[in-house]
Undergrad: 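Got a structure for you, questions after.
Small disclaimer: the values here were computed from a predicted structure and weren't measured. The analysis underlying the following values was restricted to heavy atoms, covering all of them including side chains, and did not include hydrogens, waters or symmetry mates. Residue numbers begin at 1 in each chain, while the letters A, B, ... track the order of the sequences.
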Protein chains: 2
Amino acid sequence: MTTSRPTSPTSPTSRAEQRRRTEARILDAATQVFFSAGYDRATIRAVASAAGVDAGLVMHYFGSKQELYRRVIDAAPVPEVSGTPAEAAEQILAGLADRLASAPAASLALLRSMLTNPEAASAASAGIARYEAQIAQAIPAADADLRAAIISAITLGITVSRHLIKSDELATADPEQVIRLLRPCVHSLAARPDPSGPPG
Amino acid sequence: MTTSRPTSPTSPTSRAEQRRRTEARILDAATQVFFSAGYDRATIRAVASAAGVDAGLVMHYFGSKQELYRRVIDAAPVPEVSGTPAEAAEQILAGLADRLASAPAASLALLRSMLTNPEAASAASAGIARYEAQIAQAIPAADADLRAAIISAITLGITVSRHLIKSDELATADPEQVIRLLRPCVHSLAARPDPSGPPG
DNA sequence: GCCTTCGGTCAACACTCGTAGAATGAAACG
DNA sequence: CGTTTCATTCTACGAGTGTTGACCGAAGGC
């Protein structure tokens, strides 16, 4: 369709460039498909169709469905958390608010796939571990790792309840109200809570 | 194998009784298979094999895979929550402690299947809604439903992180320590928190 | 201009799944 | 006894899956 100039040695769409673009397009489509369907229900043909190519090409470029999934996971970003415990807590809450307000993020894709497929689980849990490490480094407590894991689990549960289970009170709630109710929880976990706490 | 007495009108294993037993055995096997595999990865053949019968018999008795799944969900129990907010909070924490210490419960099966299959989701979310209603009735606040949903989401996130994601700090943590860290959260959600709270 | 390289498509294989229907054989009943 | 009922199994179909290899056509080096 386009007026290509075949005589040019490095044409605007050289072979290598074309390949790079197609591969990126497949990866984007795979991210979307894996998210909305989960690992098992996601099909190579669906990814190929969404990318506008043939299923065989997906296999040709990525080798296998598992390898394609691993590439998707590796490309998923991890939100940054830093500063004082209080600042970190607010960053976590802000990130959660984003996830509540907008369409579900990549982390949801990880989760759904993880719950679906045992082989996908090991690849995906690495992504969550990265997020927990981010949180843990901002918590000045001996059990920082456990606290970070709990915080991560809470945000995960909230996000899952809203976006995946849906039939929830949470699905229709105002994100800000959820955050407001959750704020003392996250802060009490990020910073050491009232030392005159309940009896053990 | 057993010395049957065919002359007896109602033999120790009459036809109706035999059918009842087989059906119950299939339902038990289905519960187990649906739990450990999720809806999609669970196969009629696996259920049949676990029950020691043929796949066709499962279809003959339950009509379809979805119908079998619905029967499994309907049979799943919901933990009771009642009393004052503080008492309810402790009951919730105790239930969570049980789920952390022992093997994953039926609720996990619901969740996994729910996340896997959209048709299974509607059947399973009813079970979670029942649990949230239990919690909400014990919370004396205008936004009791939302608070209950958040509490349910938190316990869900914790359970998922420990039993399904596994590669967590949570997977190896002492359940009591998790409960201790979580106690102020649940209590602050069940009862109204400090009225001199943070600025809106 | 010729020949290689390679992005991309097509058709097919082997497998598993849910499901349907015929076949079997023992129990219930006259 | 014969006949009917019914729990149970066997066999098979059709659809969908990941994966493969042959094939096509244009880009790129000589």
Side-chain angles (χ1 to χ4, degrees), chain A residues 1-27 29-30 33-34 37-70 113 116-117 119-120, chain B residues 1-27 29-30 33-34 37-70 113 116-117 119-120:
Chain A
M1 288 295 184
T2 61
T3 59
S4 59
R5 285 183 295 173
T7 54
S8 170
T10 52
S11 64
T13 56
S14 74
R15 203 126 83 161
E17 178 62 21
Q18 184 66 23
R19 156 139 197 179
R20 231 171 279 126
R21 286 187 194 173
T22 304
E23 207 168 310
R25 198 151 29 95
I26 293 175
L27 208 59
V33 170
F34 274 130
Y39 184 88
D40 271 335
R41 296 179 78 82
T43 68
I44 296 285
R45 284 173 173 85
V47 171
S49 174
V53 298
D54 184 84
L57 193 64
V58 178
M59 295 299 299
H60 190 52
Y61 282 173
F62 293 90
S64 72
K65 183 182 181 180
Q66 265 197 49
E67 188 63 19
L68 174 61
Y69 178 73
R70 202 186 58 74
S113 304
T116 298
N117 189 284
E119 295 121 27
Chain B
M1 287 297 183
T2 60
T3 59
S4 60
R5 284 181 297 173
T7 54
S8 170
T10 52
S11 66
T13 58
S14 76
R15 205 123 85 160
E17 178 62 22
Q18 184 65 24
R19 157 140 194 181
R20 229 170 280 127
R21 285 186 197 174
T22 303
E23 206 168 310
R25 198 150 30 93
I26 293 175
L27 207 59
V33 170
F34 274 129
Y39 185 88
D40 271 335
R41 296 180 78 80
T43 69
I44 296 285
R45 284 172 173 84
V47 170
S49 173
V53 298
D54 184 83
L57 194 63
V58 178
M59 295 299 298
H60 189 52
Y61 283 172
F62 294 89
S64 71
K65 183 181 180 179
Q66 266 196 49
E67 188 62 19
L68 174 61
Y69 178 73
R70 201 186 57 74
S113 303
T116 297
N117 189 282
E119 296 123 25

Undergrad: Please output the side-chain donor-acceptor pairs of residues 48-63 of chain A that fall under 3.5 Å, not counting sequence neighbours, one pair per line with the distance.
TA:
| unit_1 | atom_1 | unit_2 | atom_2 | d |
| --- | --- | --- | --- | --- |
| A/Asp54 | OD2 | A/Gly56 | N | 2.7 |

Undergrad: In chain order, what residues pass the side-chain hydrogen bond (donor to acceptor under 3.5 Å, both in side chains) check against A/Arg19, with sequence neighbours excluded?
TA: A/Glu23
Undergrad: Can you find a donor-acceptor N/O pair under 3.5 angstrom joining the side chain of B/Arg45 to the base of C/dG18?
TA: yes
Undergrad: For A/Tyr39 and A/Tyr69, take the angle between the two ring planes, folded into 0 to 90°, and tell me which bin it lands in: parallel under 30, tilted 30 to 60, perpendicular over 60.
TA: perpendicular
Undergrad: Looking at every non-hydrogen atom in both residues, tell me the closest pair between B/Val33 and B/Ala42 and how far apart they are.
TA: CG1-CB, 3.7 Å
Undergrad: Could you state the OH-P distance from B/Tyr39 to C/dC17, rounded to the nearest angstrom?
TA: 14 Å
Undergrad: What residue pairs, at least two apart or across chains, pass salt bridge (charged side-chain N to carboxylate O under 4.0 Å, His left out) with a residue in residues 56-67 of chain B?
TA: B/Glu67-B/Arg70
Undergrad: When you measure from the side chain of A/Ile44, which nucleotide among C/dT5, C/dA27, D/dT19 comes out closest?
TA: D/dT19
Undergrad: Hey, does the side chain of A/Gln18 come within less than 4.0 Å of C/dG8's phosphate (OP1/OP2), counting only N and O?
TA: yes
Undergrad: Using whole Å, what does the distance between atom P of nucleotide C/dT5 and atom CZ of A/Arg19 come to?
TA: 16 Å
Undergrad: Please identify each residue that fulfils side-chain hydrogen bond (donor to acceptor under 3.5 Å, both in side chains) with A/Arg20, with sequence neighbours left out.
TA: A/Glu17
Undergrad: Among residues 53-64 of chain B, which residues get a heavy atom nearer than 4.0 Å to DNA chain C?
TA: B/Met59, B/Ser64
Undergrad: Would you kindly give the CZ-to-C1' distance between B/Arg41 and C/dC15, to the nearest whole Å?
TA: 15 Å
Undergrad: Which of these nucleotides, D/dA27, D/dT19, D/dA7, is closest to any side-chain atom of B/Arg15?
TA: D/dA7
Undergrad: Using whole Å, what does the distance between atom C1' of nucleotide C/dC17 and atom CG of B/Leu68 come to?
TA: 15 Å
Undergrad: So what does A/Ala42 touch, heavy atoms closer than 4.0 Å: a base, only the sugar-phosphate, or nothing?
TA: sugar-phosphate
Undergrad: Tell me the interatomic distance from A/Gln66, atom CD, to D/dT19, atom C1', rounded to whole angstroms.
TA: 14 Å
Undergrad: Atom NZ of A/Lys65 to atom P of D/dT19: distance rounded to whole Å?
TA: 8 Å
Undergrad: Are there any protein N/O atoms within less than 3.5 Å of an N/O atom in nucleotides 22-24 of chain D, and if so, which ones and at what distance?
TA:
none

Undergrad: Atom CG in B/Leu68, atom CD in B/Gln66: separation rounded to 0.5 Å?
TA: 11.0 Å
Undergrad: Identify whether any heavy atom of A/Ala51 sits under 4.0 Å from a base atom; if not, whether one sits that close to sugar-phosphate; answer base, sugar-phosphate or nothing.
TA: nothing
